[in-house]
Amino acid sequence: MREDGKSRIIYGDAPFIEDMGLLTTICLLHDEVLLFGSGTLNEEMLRYWDRQDAPPEGERSVAERMLETLLPEGVVSFYSPDDVRAEFVGSGDLELPGIIAVEEAVRDGKPSFLLRTNNDQLNHLSHLLLQGMAGETMTVSSLLRHVSMLSAAWSSSLPVVGKNSHFSLRPSTSRVSEVTTFLAHRTLQRLALPELLTYEPSDILEARRAFKSELLEYRDGMRELVWLLHQKIDIEREFDDLVRHCDVLIDSKVAPAVSQLERAIKSYESRKLRRILKLTGGAALELGKSMLTGGLPTGLMGGGSALLKTADGLETRAPTMQIASFVYKVRTAKS
């Protein structure tokens, strides 16, 4: 999170995101997603096209659609190594313990290079750099991208996410921010993945505009749930158990709240209630809004309040219901 309140996150697996479910998740939950390449955007796109099989006529990849729609809007940003040096102050000061030197070599009759290392001195960051985040075979190009990306992550203290990874090189003392981000991502992916996969980049833009207030409540609800996690485990140290405890929390608290909200909304769509609400004109629309914002419009109170008994017990300000409201909207936005 920046001083201006903007939520930024780094995508670490590759220069471009090619999984629509992951793209939708991080673009809905964060103001800006940072992408990193080993060269300029044009150079990276040329390498990308060289690696891809020719798509069916008229079809474009997720990465191409992402760049066409989300890059101009500032939802995603692309950084070359030169951009990193210019924008991320201090990124060149990152130390890499255990990596001693780069040496020229010949392999299979071709010029190559080798990194000379001291394995006893390698730390987590050095291992990340040498192995890559997605387990890919490292090349000079991918090594340069990793150096730029990790340098930016270190100097900015921004979290890094990938398909199967989520970490921060300079985490907060309490780990609350990092765990909140992880739980927010995991909740949406576990409870709304089929729907997330159907989004298009234009849908992401529309949803970001439409769900602004719900997103703020979703984040607030997540922070409250992290407090519940804190009662069970030491979130500063017990990282091995964190995923399991997060999943238990999602399955036992959030998923039931989403189901409860869905049942409550369906009950208001019953034929009997629709007939009665016709007497109040646009009240049906206001009622639908109230279910997702946590309050009941005064125009529906009074004589008609007895009809709202179907919502008894639905604690719309509880953290799980704040989270459920956002998940529900994401799941039903395209239906």
Side-chain angles (χ1 to χ4, degrees), residues 1-2 6-52 60-89 91-92 94 125 128-129 131-136 138-170 181-182 184-185 188-189 196 199-205 207-208:
M1 192 77 74
R2 296 196 306 192
K6 296 284 188 180
S7 174
R8 306 172 81 200
I9 199 161
I10 290 171
Y11 176 67
D13 282 356
F16 307 125
I17 305 172
E18 300 181 62
D19 181 298
M20 185 56 78
L22 179 60
L23 175 66
T24 305
T25 298
I26 59 181
C27 288
L28 288 182
L29 296 181
H30 300 278
D31 296 300
E32 184 183 4
V33 178
L34 282 61
L35 310 174
F36 293 83
S38 58
T40 66
L41 179 57
N42 287 338
E43 291 169 341
E44 205 64 63
M45 282 303 301
L46 289 174
R47 279 191 285 267
Y48 173 78
W49 284 322
D50 285 342
R51 293 192 302 266
Q52 303 303 307
R60 290 174 302 151
S61 67
V62 171
E64 290 171 305
R65 286 177 280 153
M66 170 193 70
L67 293 173
E68 180 183 87
T69 303
L70 301 180
L71 186 66
E73 298 292 332
V75 179
V76 300
S77 301
F78 181 88
Y79 291 87
S80 69
D82 287 342
D83 296 330
V84 171
R85 285 190 288 271
E87 177 155 337
F88 294 89
V89 178
S91 59
L94 180 64
L125 175 58
L128 270 177
L129 182 61
Q131 297 172 1
M133 283 188 55
E136 74 273 31
M138 294 297 288
T139 63
V140 173
S141 177
S142 59
L143 182 64
L144 180 57
R145 191 188 77 83
H146 275 78
V147 169
S148 295
M149 182 266 294
L150 293 174
S151 297
W154 179 81
S155 67
S156 64
S157 300
L158 291 177
V160 181
V161 299
K163 184 72 174 178
N164 299 302
S165 57
H166 196 296
F167 66 91
S168 177
L169 295 179
R170 300 172 75 178
T181 300
F182 174 78
H185 287 205
L188 209 54
Q189 292 254 304
L196 294 172
Y199 273 64
E200 289 292 329
S202 57
D203 299 321
I204 293 174
L205 289 179
R208 282 165 60 95

- Relative to each other, are the rings of Y79 and F88 parallel, tilted or perpendicular (30° and 60° limits)?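 The arrangement is perpendicular - the two ring planes meet at more than 60°.
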
Would you say that [X] contacts [Y] through its side chain, given a criterion of any heavy-atom pair below 4.5 Å between the two side chains?
{"X": "L150", "Y": "L169", "result": "yes"}
{"X": "L196", "Y": "M20", "result": "no"}
{"X": "V62", "Y": "D19", "result": "no"}
{"X": "L205", "Y": "L70", "result": "yes"}
{"X": "V161", "Y": "V33", "result": "no"}
{"X": "L22", "Y": "Y11", "result": "yes"}

Could you report the tightest heavy-atom contact between [X] and [Y], atom names first, then the distance?
{"X": "T69", "Y": "P201", "value": "CB-CB, 3.6 Å"}
{"X": "D13", "Y": "K163", "value": "OD2-N, 2.7 Å"}
{"X": "A152", "Y": "V84", "value": "CB-CG1, 4.2 Å"}
{"X": "Y48", "Y": "A63", "value": "OH-CB, 3.6 Å"}
{"X": "C27", "Y": "I204", "value": "CB-CG2, 3.7 Å"}
{"X": "V160", "Y": "A153", "value": "CG2-CB, 3.6 Å"}

Let me confirm one number: the [atom1]-[atom2] distance from [X] to [Y], rounded to the nearest 0.5 Å.
{"X": "S165", "Y": "F182", "atom1": "OG", "atom2": "CZ", "value": "10.5 Å"}
{"X": "E44", "Y": "L67", "atom1": "CD", "atom2": "CG", "value": "10.5 Å"}
{"X": "S80", "Y": "L35", "atom1": "OG", "atom2": "CG", "value": "12.5 Å"}
{"X": "I26", "Y": "Q189", "atom1": "CD1", "atom2": "CD", "value": "9.0 Å"}
{"X": "D83", "Y": "F78", "atom1": "CG", "atom2": "CZ", "value": "8.0 Å"}
{"X": "I9", "Y": "T25", "atom1": "CD1", "atom2": "OG1", "value": "10.5 Å"}

Side-chain ([X]) to main-chain ([Y]) donor-acceptor, under 3.5 angstrom:
{"X": "R170", "Y": "W154", "value": "yes"}
{"X": "S148", "Y": "L144", "value": "yes"}
{"X": "R145", "Y": "P81", "value": "no"}

- Query: Salt-bridged, E68 to R60, with N to O below 4.0 Å?
  - Reply: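 Looking at E68 and R60, the cut-off is met.
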
- Should the pair R65-E200 be classified as a salt bridge under the 4.0 Å nitrogen-to-oxygen rule?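 Yes.
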
- Item | Side-chain H-bond candidate by donor/acceptor type, S7 with E32, under 3.5 Å | no

- Task: State, without any angle test, whether E64 and W49 hold a side-chain donor-acceptor pair at a distance under 3.5 Å.
- Result: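 The answer is yes; a qualifying pair exists.
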
- Given H30, which of K6, R8, H185 fulfils the side-chain hydrogen bond (donor to acceptor under 3.5 Å, both in side chains) condition? H185

- Query: Can you tell which of E43, R47, H146 makes a side-chain hydrogen bond (donor to acceptor under 3.5 Å, both in side chains) with S38?
  - Reply: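 That would be R47; it is the only one of E43, R47, H146 passing the side-chain hydrogen bond (donor to acceptor under 3.5 Å, both in side chains) with S38.
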
- Does the side chain to side chain contact (heavy atoms under 4.5 Å, CB included) test come out yes or no for M45 and F16, once each step is laid out? CA-CA 9 Å; M45 282 303 301; F16 307 125; 3.5 Å; yes

